[in-house]
Amino acid sequence: MRNKLIHDYGGVALDILWQVAHEELPRLAARIAPLIPPDSGH
């Protein structure tokens, strides 16, 4: 998606971008959150 946004910005389907941002990214974040070590506070 990065390449599409960077190189073909005018061709981006805003409805698909909105769907990804609101549906797919939260699912991805939930799946990778357990893989990220807790912040040590340093």
Side-chain angles (χ1 to χ4, degrees):
M1 181 169 282
R2 178 206 172 270
N3 285 343
K4 183 73 169 174
L5 291 171
I6 298 300
H7 300 294
D8 188 24
Y9 188 77
V12 173
L14 295 179
D15 57 331
I16 294 173
L17 181 60
W18 185 259
Q19 177 187 0
V20 169
H22 285 272
E23 295 177 18
E24 304 299 330
L25 287 180
R27 286 186 218 156
L28 177 61
R31 290 187 69 174
I32 65 171
L35 303 174
I36 301 170
D39 186 12
S40 65
H42 293 107

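Residue numbers count from 1 along this sequence. Computed from a predicted structure; not experimentally measured.
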## Note on the structure
All heavy atoms of P26 vs all of A21, minimum pair found to be CD-O, 3.5 Å
### Pairs flagged by salt bridge (Lys or Arg N to Asp or Glu O under 4.0 Å) wherever residues 5-16 is involved - sequence neighbours left out
K4-D8
#### Entry: Interatomic distance, R27 atom CZ to I32 atom CD1 [nearest 0.5 angstrom]
14.5 Å
### Query
For I16, which residues count as a side chain to side chain contact (heavy atoms under 4.5 Å, CB included) partner, sequence neighbours excluded?
A13, V20
### Residue list, ring pair (Phe, Tyr, Trp, His ring centres under 6.0 Å) with H22, at least two apart or on another chain
W18
